[in-house]
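Data first, discussion second: the structure below is written as structure tokens.
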Amino acid sequence: MSFNTSIMTLIFHVLFLVLLLVALAFLLYMLHRSRVERRKMRRLIDRLRLSNSKLSRYVDLDDLTAAQSRRYLVDRIDRHKRRETHALLYVDLDEFKTVNDTYGHDVGDALLIKVTDAMVAACRPGDFVARLGGDEFCVFLKGCDLERAGQVARRFLQAVVEADVEVAGRRVIRTASIGVCELRPDQSMEDALNVADAALYEAKSKGKNQILAADQDVVLRMRQKQSRPSAEEVGAALENGEITYFVQPIFDLEQDRIEGVEALIRWVKPDGEILLPGQFLDLMADSYKRGVRPPLEEANAAAIGFSKLDPPIYCGWNISSKFLNNTVLPGADAEWLKALLNDLPPEMTVFEIIESTVIENPEATKTLINRLRSKGVRIALDDFGIGMSNLERLLEYPIDIVKIDRSFVQSLTRGSREGIMRGLVEMSKTMGFEIIAEGIETQNQLDLVRAAGITHAQGYFLGKPGTADYWLEEILRRRSQKTTSE
């Protein structure tokens with residue numbers, strides 16, 4: 001029994017030893033596997049670090065020009081707390097699209113690279129150039145105030161002009177427009193870019209190849225623009241019939257009577273608020289491209305009542321260049337013209353074309369004028385006396401009426417512009433066009449206009465804009481009073 005017990009004990013110890021060895025081997029295997037896995041993990045982490053570094057570099061750099069990216073400009077600069085004021089230059093190449101259209105995108109890309117290199121070379125230590133997209137760049141000027149930034153911007157303007165590419169022996173260059181603004185410590189990069197963009201827009205509107213710093217006036221105009229309605233809201237207002245017309249009377253000063261009215265577009269909101277055209281007209285014109293109809297029925301409705309008076313009164317509309325470009329079909333009667341003149345006698349219709357439109361689109365405007373006048377519609381040249389006014393333009397186009405701009409009228413003094421008006425009156429007699437003085441706001445202005453020999457006028461002093469119904473009733477009332485007094 002003792003012998004059997006000893007044998008069993010021996011077997012137990014042997015089995016225990018085997019199990020212990022197996023467990024030890026498994027533990028050693030697991031330790032080895034863990035070390036292999038850790039080595040694999042370290043290699044994976046190293047690869048991820050390398051990939052992340054490359055990814056960050058690719059995201060932070062523009063892939064064409066190697067300038068910094070917009071992400072770098074916005075995220076990296078805003079991520080770190082700024083303690084001083086910096087400055088931004090918003091740079092946009094003038095007429096860059098014509099490079100791609102004329103020479104191809106390869107040449108355009110080559111020019112962008114040259115321009116970037118030139119601007120990078122113009123940077124001071126701490127400055128950098130970021131490409132925002134297309135042909136737009138932002139130069140970050142470290143620790144620079146607005147006045148100094150405006151001076152530095154000239155260096156970048158020159159750098160852009162000196163960057164060129166050669167195509168078939170021809171030097172291809174472009175100028176640039178630059179908007180300048182400050183980047184304050186409490187200001188986000190996106191907000192500063194919006195301000196710089198507003199300054200850039202005004203720089204381009206002044207003739208391009210310009211530098212404009214964002215002063216308080218620029219910022220105010222930008223804020224006003226941001227508060228304007230959206231294109232979608234304007235489109236909905238057109239569809240809902242909220243865009244309508246008020247009218248302002250045009251007086252025959254010799255006969256002391258209302259001879260015509262000018263239709264003035266207005267947006268009458270459901271709550272009664274009335275918006276002037278400067279707040280929505282450009283958006284309304286752009287909406288025509290998206291298939292939204294202009295308020296033709298409303299325009300016709302504003303005029304039709306005056307044409308049915310006895311004697312009838314004509315109505316005039318200002319035709320913008322955007323409206324012409326988006327709606328006029330050369331060589332045929334356009335749909336908008338038929339809708340506008342529906343049951344409206346052409347001879348009781350005046351289309352007012354601003355002088356800048358005539359200058360910018362001479363052939364299209366001449367074609368339009370001839371088409372309209374052949375129907376009996378009269379043509380007025382509006383805003384005469386400002387901008388690119390040129391008396392020779394009156395010789396180029398068959399104009400029936402010249403409307404002298406209010407800014408010219410309101411700056412009248414005896415012996416100065418009054419003499420110009422007298423000369424214009426003499427010319428009108430020779431060439432057979434009528435003159436209307438706009439913007440009459442005082443008795444003195446009315447007296448000076450009359451003294452110059454002008455017989456037709458409009459303005460707040462004579463009659464403010466109102467609804468068509470109001471002025472129809474007012475005209476009938478005045479005619480009744482005149483008949484009674486006679």
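Start at 1 with the first residue, then count along the sequence. What you see is a predicted model, and the numbers here were worked out from it, not measured in a lab.
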Q) Step by step, would you call Thr116 with Phe137 a side chain to side chain contact (heavy atoms under 4.5 Å, CB included)? A) CA-CA 9 Å; Thr116 303; Phe137 299 84; 3.2 Å; yes
**Q.** Pair Ile243-Ile265, side chain to side chain contact (heavy atoms under 4.5 Å, CB included): steps then yes or no
**A.** CA-CA 7 Å; Ile243 306 295; Ile265 196 164; 3.6 Å; yes
(Q) Working note: Val350 + Val377, criterion side chain to side chain contact (heavy atoms under 4.5 Å, CB included); need CA distance, chi angles, decisive distance, verdict. (A) CA-CA 6 Å; Val350 173; Val377 175; over 6 Å; no
Q | side chain to side chain contact (heavy atoms under 4.5 Å, CB included) evaluation trace for Val152 with Arg155 | A | CA-CA 5 Å; Val152 173; Arg155 185 165 71 243; 3.5 Å; yes
Q: Start with the C-alpha distance between Asp62 and Thr65, add both sets of side-chain angles, then the distance that settles side chain to side chain donor-acceptor pair (under 3.5 Å), and finish with yes or no.
A: CA-CA 6 Å; Asp62 176 61; Thr65 64; 2.7 Å; yes
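Note that the CG atom of Leu462 and the CG atom of Leu446 stand 5.5 Å from one another [nearest 0.5 Å]. Rounded to the nearest 0.5 Å, atoms CZ (Arg131) and CG (Leu73) are 14.5 Å apart. Atom CD1 in Ile379 sits 7.5 Å away from atom CZ in Arg373 (nearest 0.5 Å). The CD atom of Glu233 lies 5.5 Å from the CH2 atom of Trp267; values are rounded to the nearest 0.5 Å. Once rounded to the nearest 0.5 Å, the distance linking CG of Leu93 with CD1 of Ile173 reads 11.5 Å. The CG atom of Leu472 sits 11.0 Å away from the NZ atom of Lys308 when rounded to the nearest 0.5 Å.
With contacts defined as side-chain heavy-atom distances shorter than 4.5 Å, the pair Leu264/Val247 does not qualify. Between Val139 and Leu88 the shortest side-chain heavy-atom distance does not fall below 4.5 Å. A 4.5 Å side-chain heavy-atom check between Leu183 and Met189 finds at least one atom pair inside the cut-off. Under the 4.5 Å side-chain criterion, counting only non-hydrogen atoms from C-beta, Phe246 is in contact with Ile274. Contact check for Ile436 versus Ile404: no side-chain heavy atoms found under the 4.5 Å cut-off. Under the 4.5 Å side-chain criterion, counting only non-hydrogen atoms from C-beta, Leu193 is in contact with Glu190. Ile440 is not listed as a side-chain neighbour of Phe251, based on a closest heavy-atom distance of 4.5 Å or more. In this structure the side chain of Glu136 reaches within 4.5 angstrom of the side chain of Asp92, judged on heavy atoms.
Taking a cutoff of 4.0 Å between a charged side-chain nitrogen and a carboxylate oxygen, Glu438 and Lys403 qualify as a salt bridge. Arg266 and Glu298 are not joined by a salt bridge, as no carboxylate oxygen comes within less than 4.0 angstrom of a charged side-chain nitrogen. Salt bridge absent: Lys269 and Asp271 never bring a charged side-chain N and a carboxylate O closer than 4.0 Å.
Thr102 places no side-chain N or O within 3.5 Å of a backbone atom of Val99 that could act as its donor or acceptor partner. Judged by distance alone, the side chain of Lys114 and the main-chain N or O of Ala163 form no donor-acceptor pair under 3.5 Å. Here the side chain of Gln187 pairs a donor or acceptor atom with the backbone of Arg184 at under 3.5 angstrom. Looking at Asn300, its side chain never comes within 3.5 Å of a backbone N or O of Leu296 through a donor-acceptor pair. Not one N or O on the side chain of Arg257 forms a donor-acceptor pair closer than 3.5 Å with the backbone of Arg478. With Glu182 contributing its side chain and Leu146 its backbone, the two residues share a donor-acceptor pair below 3.5 Å.
Using modelled atom types and a 3.5 Å distance limit, the side chains of Glu441 and Gln445 yield no donor-acceptor pair. Using modelled atom types, one finds a donor on one side chain and an acceptor on the other under 3.5 Å when comparing Thr98 with Arg174. Donor-acceptor pairing under 3.5 Å is recorded for the side chains of Gln443 and Asp447. Checked by atom type, the side-chain pair Gln248/Glu262 shows no donor-acceptor distance below 3.5 Å. For the 3.5 Å distance criterion, the side chains of Gln151 and Arg148 qualify, holding a donor opposite an acceptor.
Residue Phe96 comes nearest to Leu112 through the heavy atom pair CZ-CG, 3.6 Å, listed as atom of the first residue, atom of the second, then distance. Considering all non-hydrogen atoms of both residues, Val195 and Cys181 come closest at CG1-CB, 3.9 Å. Heavy atoms only, all atoms of each residue included: Ala301 and Ile304 are closest at O-CG2, 3.7 Å.
In this structure, Arg378 satisfies the cation-pi test against Tyr314, with its NZ or CZ atom closer than 6.0 Å to the six-membered ring centre and inside 45 degrees of the ring normal.
At most 12 heavy atoms of other shown residues, nucleotides or ligands fall within 6.0 angstrom of atom CG in Asp256. For Arg477, the CZ atom sits in a packed shell: over 12 heavy atoms of surrounding residues, nucleotides or ligands are nearer than 6.0 Å. Atom CD of Glu347 is surrounded by more than 12 heavy atoms from other residues, nucleotides or ligands within 6.0 Å.
Legend: residues meeting ring-ring contact (aromatic ring centres under 6.0 Å, His included) with Phe140, ordered by chain and number and at least two apart, are His86, Phe128. Annotation: side-chain hydrogen bond (donor to acceptor under 3.5 Å, both in side chains) contacts of Glu95 (sequence neighbours excluded): Lys208.
Considering Asp94, Val115, Leu111 in turn, Val115 is the only one that fulfils the side-chain contact (heavy atoms from CB on, under 4.5 Å) rule with Val160.
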